[in-house]
Amino acid sequence: MGGGSDTPPFRYTAALAQQIENAWQDRWDREGTFVTPNPGQAGFDASRPKKFILDMFPYPSGAGLHVGHPLGYIATDIYARYMRMTGHNVLHAMGFDAFGLPAEQYAVQNNVHPREAVNRNVSTMRQQLRRLGLGHDPTRSVSTTDEDFYRWTQWIFLQIYHSWYDADAHGGAGAARPIAQLVEQFERGERTVPGENRPWKSLPEAVKRRVIDEHRLAYLAEVPVNWCPMLGTVLANEEVTADGRSERGNYPVYKRPLKQWMMRITSYAERLLNDLELVDWPEKVKIMQRNWIGRSEGAMADFACNTRRIRVFTTRPDTMFGATYIVISPEHEMVDHLVGEKYGNVAFEKAIFPGAAEMLANGCSPRELVMAYRAFASKKTDAQRGEGKDKTGVFIGAYALNPVNGQRVPVFIADYVLSGYGTGAIMAVPAHDERDFEFAKAFKLPIRDVVYPRPVAAMAHYALHAFENEVPPSDWRDELADYLGVVSGEGQHQRSHAEMLHMIRSRRDPARSGGVVTAADTSSPGSIGERRGVVRSFWLETLDDLEIHDFNEFRERFVNAGFYARQGEAFSGAGLAVNSASTSLKIDGLETATAKVRVAEYLEQAKLGKGTINYKLRDWLFSRQRYWGEPFPIVFDESGEAYAMPESMLPVTLPHMGNFQPESSEDPQAPVKTPLDRAKDWATTTLDIGFGAQRYKRETNTMPNWAGSCWYYLRYLDPKNSEQFCSPQVEKYWMSGNAEKSAASRLGVDLYVGGVEHAVLHLLYARFWHKVLFDLGHVSTPEPFRRLFNQGYIQSYAFKDERGIYVDAFSVKTPDGRNFMDCIDEFKDSQGPFTFEGKPVVREYGKMGKSLKNAMAPDDICRDYGCDTLRLYEMSMGPLEASKPWNIRDIPGSYRFLQRFWRNLIDEQTGALRVSDQPAPMELRKALHKTIKGVRQDMEALQFNTSIAKLIELNNTLTKHTGGGSAAPVEVARAMTLMLAPLAPHMCEELWGKLGNPKSISQEPFPQFDEKLVVDDEVEMPVSVQGKVRSRIMVPVGCDAKGIEAAALADEKVRASIEGKPIKKVIVVPGKMVNIVV
RNA sequence: GCCGCUGUAGCUCAGUGGUAGAGCGCAUCCUUGGUAAGGCUGAGGUCAUGGGUUCAAAUCCCAUCAGCGGCUCCA
């Protein structure tokens, strides 16, 4: 390492780095360097602004860290160190998300109890993180599995359980309120009981209870879940593969209704959406959350059917005149009531699905077909439902009435309508919805245009109202193309479409102008302009594309409202309503947006529906049939009623179980038993929860592993508090700040760094809990995470052998027998062949990971180079947010930079400091101050790669100085050490000590720059003639445009380029460049 | 299919209308004596492609191509 026996004794080698790093890590621990006091505690400085810096909660993997994991941790550490050096109180801690499936699976596979596995893995991970020199506050570390932690997770669950969502609060924005307030309102008659005519007091207890439970933000409901009988548990959607099998074990997964705890996150949909505007997050993540919440404006409309009404949801009420049939989901509860006795004669297909034809031939009834179709549809998993887009379905032998025109339309069931979205029923508008179009085509149902974009509307107008001279045998296609060009011409859109059509048409009326457009018309619509020829040929091409050749056929399309049927695809964009009039409502000619409003108004008036807002977001399924999770603080009495346990009984501790594995079965209908059901002594208990001592059964489901990560950041603030989950004063300081600042700076965590894979679920769930706590007055900010930053992944190559199994990527050889990993650059685009133990392997590229057998442990790099080198390398790989390939060959570059810097300050032979008190030469000093300015900016913006590049450049400048035999000026040495300290803290601590400072460098102020020293007094400016750079001139910084112009024109090379031609124009941008136009 | 991001030196990336840049790698030479060492100097670019706007485009606009990510019968 670092040379042979000749290596100078005090060179910065791996061995020296290790020695320095160990010494400083010990000293940081000993002195509690990174312990951060809370308000009111000794050492707390209230005058400093706060920074709460947070990493996404890691799961303590048994596999240990690889070099990809700490990328974000190193970044937040650098940022935290920089903030400490710029006068902030910094809170930066690290805890462990140790409940959940991965921990349980690890325990099963390694045959240890999860508790033991977690303890072991946490301590390994703490060691690894410590080795990276991360300056976390060790006193604030928490684990979700600590009783002292999950006691408060249960407490928050109770807060949610004891709350309801008052949609009227805050002028309609809504807020969570204690459920006791709801009961008071009912009692005082201030609020009517939904679905009840009787006053609250006269209601039976059971009804009261049902009403209250239906309002709770945490509630029990029977919902379809992903049930995997072989694993004996429900699975989250992301744990189910595309083929409807479990990710682990590849077992079949079924949809099965189960009674589960739910969280009413849908109540918060609007606020979760709107408050995204308050936070400084990557736009990408905001978009993902918006899509997930999936707000859509539309209308509910009731289609009368027999004596009942089918309620549909649509985002396009303006197309209601084009609704030619109705589709409801196969599981829709109304199907049984609506299904007809027998089929009459119809002009469309009655049923399409495997076996349907035979059934129809045998004269099966609608009911029988419905049953058969339901069986067919339920066999498909969600994923399979989406696979083939071929439409299937069954006409149920009933008709409904279209509320806008009274038209009788057939009712179908089809699995392309999902029961969980909207009302589970749609009006089908085949001309303006792709799915409906496909279905209508398959079932031979009518497809009727009701919206045309402007050009098509113009075509329709032309087709239906053409003058004699515009139809065959005249050259009508030319006329039409010309006319379309005019209609679609620039500046025409301000006019109403109808107005414009009228104007243009009347001008072309042969009765008026003789069919000749005169030159007098050239400035008004319909005129002859310069570009008419080009525009006309464009429209002729369009007519060709639309296969418009025969006038009568063309006209027929519009007479039958069958333009899109003929086109073969739906038009789902906005345009103008057509063919949309009845005796009660007429929207022809209205723009889509206006038409939507008009139809919604009509529906409301006619009591047939109303405008409404729908969300894709569903309530959050909060139960897991697992052992390794937080128990619910809930018990059931003998009749099965649920009761919350009082706060005083928390925590409800998880019983120790030797066998904690879930029960598996091959029968998808086998009764669901959770592991905790088997803990008989625990599952049944005698308690006094306010009704005297009674026997109760405990809730034996556990919480999902999202629960702990929903609020862990709040516990970092006050980790040892045994009275509250967090004291309000402490919460207020770290989340809202001490001063009266702008709203933006009061929004919680100042920087939250983590992978984009948590863009939706974790961040949405955590925001939801935080908002509930905010509404109930437990936290001071409406949002938990003000600034979010997604670090990229470290990627690497992976190799699979013939069996498709990953092989150790570090043993893969190139064709010439070298290790692939040592020469990635050369073989980046090569196809190999690559071999592992002589056998051919296939290369892949992706995220680094243990399972891909391409992971490199940070410990190895620390051993070979020191962790300062590793930190520096990881940060200089590229922008933090970018994913980038790990390339071991680039690490020595970072290592050598540290060596060069060290050598600039330290005599490698004696180990003595080698700096001089002489002032730095002006050039060096200027370079220093420019660097300080740049590094400060880069640090704030988390652009550590560029701040490192700037420091390398400065070090190169310094090397030129010291290379001449001079010692580094102390002002440069000090400033550079301080600037490098957040990035390579151990080396800089050491140098800082040698520079005569007893205090840890982490407490020292970051260098300031002198504004005067970052500007040059002379700048070089390029002079270009006709846009080409011909020369460069030096001008003083303050020089005005005239002076610069004179200097430029005086330049010889410039004069040569001008060649005496007359000068038309001289453009001078002071400080930037001169351009001479001749 | 839809949405988003990216495309600049061999590699990883800076560069928000005004001079094409950094680090690493590579090459020459010097020091060092055999190396993942130090220093000097240097080569290396159709800024993905094609149009447009402008005195001036890597940068702004439009289209296309390639790569990556997310969502996907969401009415």
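Both backbone and side-chain heavy atoms feed into the values below; hydrogens, waters and symmetry mates do not. We name chains A, B, ... by the order of the sequence lines, and we start the count at 1 in each one.
- Across every strand in view, B:rG33 sits unpaired, with no contact that passes the Watson-Crick or G-U test at under 3.5 angstrom.
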Look for any protein N or O under 3.5 Å of an N or O in nucleotides 22-24 of chain B and output each such pair with its distance, or none.
{"from": "B:rG23", "atom 1": "OP1", "to": "A:N956", "atom 2": "ND2", "distance (Å)": "3.2"}
{"from": "B:rC24", "atom 1": "OP1", "to": "A:R900", "atom 2": "NH2", "distance (Å)": "2.9"}
{"from": "B:rC24", "atom 1": "O2'", "to": "A:D890", "atom 2": "OD1", "distance (Å)": "3.4"}

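- Every residue meeting the ring pair (Phe, Tyr, Trp, His ring centres under 6.0 Å) condition with A:Y873, not counting sequence neighbours, appears here in chain and number order: A:W886.
- A donor-acceptor pair shorter than 3.5 Å cannot be found between the side chains of A:T266 and A:Y615.
- Comparing atom distances between the A:L418 side chain and each of B:rC74, B:rA36, B:rC3 picks out B:rC74 as nearest.
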Tabulate atom names and distances for all N/O pairs under 3.5 angstrom spanning the protein and nucleotides 66-69 of chain B.
{"from": "B:rG69", "atom 1": "O2'", "to": "A:K284", "atom 2": "NZ", "distance (Å)": "3.3"}

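- Here B:rA75 is the nucleotide among B:rA14, B:rA75, B:rG70 with the atom lying nearest to any side-chain atom of A:Y421.
- Remark: A:F313 pairs with no residue by the ring pair (Phe, Tyr, Trp, His ring centres under 6.0 Å) rule, at least two apart or across chains.
- Pairs passing the salt bridge (Lys or Arg N to Asp or Glu O under 4.0 Å) check and including a residue from residues 934-958 of chain A, sequence neighbours excluded, read A:D938-A:K950.
- In this structure B:rG4 sits in a base pair with B:rC68, meeting the Watson-Crick or G-U test at under 3.5 Å.
- Considering only residues two or more places apart in sequence or on other chains, A:Y325 meets the ring pair (Phe, Tyr, Trp, His ring centres under 6.0 Å) condition with A:F412, A:F439.
- Using the Watson-Crick or G-U wobble rule with both distances under 3.5 Å, B:rU59 pairs with nothing in any strand shown.
- Base pairing of B:rA43: no nucleotide in any strand meets the Watson-Crick or G-U wobble criterion (both distances under 3.5 Å).
- Across all strands shown, B:rA20 has no partner, as no Watson-Crick or G-U wobble contact with both distances under 3.5 Å is found.
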